[in-house]
Protein chains: 2
Amino acid sequence: MSGSLQNISGLDRVIHEPARLILMALLSSVASADFLFLLKESKLTKGNLSVQLSRLEEAGYLEIEKTFRGKIPHTEYRLTKKGKSAFDLYRKSLGSIFK
Amino acid sequence: MSGSLQNISGLDRVIHEPARLILMALLSSVASADFLFLLKESKLTKGNLSVQLSRLEEAGYLEIEKTFRGKIPHTEYRLTKKGKSAFDLYRKSLGSIFK
DNA sequence: TAAACAGGTTTATTATATAAACCTGTTTAT
DNA sequence: ATAAACAGGTTTATATAATAAACCTGTTTA
């Protein structure tokens, strides 16, 4: 493989999946976000969103903070340091296809 | 979805898959290539390469020209116009995550 | 008090990537 | 002459996964 392209085979699959890529991009642009915000911005279904967020959490890319706002549960999602650097690396790796 | 990110959910899955993304990138940089060249450059296994090339052909993204070199069959793969513009569009769509 | 909604989670279905096994013909070594 | 190795693939089997649909628990509104 002639150099830069080799990064692509090692592309982080957790991030590469479009549903999660959108979430990572969204989350990287804000300090934190709640479920409804992500639901609306990503246009994913609730179920899909929930699964993908769990997957990102398992990977250690985001932390989930569950609190209450009055009586209603409220959850905030935010990228971890690990998540941020994984996303940075992902973007660098992908850079090779943009010449 | 706040504008540019929406392109990502519509990302061309045929191209998005890393194995095929490598092939598209390779093929977009040459006029045509044969199986062995792609095998070596992509580092895919033969089986996987064969399947992915078929998938790209089905999508109309590449054409396969089978000839003989003396007695040995020789196959050349090259991107179609459709393949080239699909790859261009893919890169544009992905551009949104690079700010 | 019933219906609707917020905020999710779990389950089931379908698709898919990948490697491994296989195949056909050719060339090389013995 | 014949066996072994190789070119150039294709087919099959397996395992992972994305996604939507169904479900759940509690709260608010009519």
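Just so we're on the same page: letters track the sequence lines, and every chain starts at 1.
Stem regions for DNA chain D, each three or more consecutive Watson-Crick or G-U pairs with both distances under 3.5 Å and listed by first number, read C:1-30 with D:1-30.
Here the P atom of nucleotide D/dG9 and the CG atom of B/Asp34 are 8 Å apart, to the nearest Å. B/Leu39 has its CG atom 15 Å from the P atom of C/dT18, to the nearest Å. Computed from coordinates, the A/Leu36 CG to C/dC5 P distance equals 13 Å when rounded to whole Å. Atom CG in B/Leu21 sits roughly 17 Å away from atom P in C/dT16 (whole-Å rounding). When the P atom of C/dG7 is taken as reference, atom NE2 of A/His74 falls 8 Å away, rounded to whole Å. Separating the CG atom of B/Leu53 from the P atom of D/dT11 is a distance of 14 Å, rounded to the nearest angstrom. Atom-to-atom, CD of B/Glu65 to P of D/dG8 comes out at 15 Å; the value is rounded to the nearest Å. Taking atom CG of residue A/Leu49 and atom P of nucleotide C/dT10, one finds them 14 Å apart after rounding to whole Å.
Counting only heavy atoms from C-beta outward, the side chains of A/Ser93 and A/Leu89 approach each other to under 4.5 Å.
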Start with the C-alpha gap between A/Tyr90 and A/Asn7, add the side-chain angles, then the distance that decides, and say whether side chain to side chain donor-acceptor pair (under 3.5 Å) holds.
CA-CA 9 Å; A/Tyr90 174 82; A/Asn7 302 316; over 6 Å; no
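Ring-plane geometry between B/His16 and A/His16 is classed as parallel, the angle between the planes falling under 30 degrees on a 0 to 90 degree scale with a further cut at 60.
Between A/Ser50 and C/dG8 there is no side-chain N or O to OP1 or OP2 distance below 4.0 Å. Distances shorter than 4.0 Å separate some side-chain N or O of B/Thr75 from OP1 or OP2 on D/dG9.
Under the side-chain contact (heavy atoms from CB on, under 4.5 Å) criterion, B/Thr80 pairs with B/Glu63, B/Lys82, sequence neighbours left out.
B/Phe37 comes within 4.0 angstrom of no nucleic acid atom, judged by non-hydrogen atoms across all strands.
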Could you write nucleotides 18-30 of chain D as a row of B, S and -, 5' to 3', where a protein heavy atom under 4.0 Å of any base atom gives B, of only sugar-phosphate atoms gives S, and otherwise -?
SBBB-----SS--
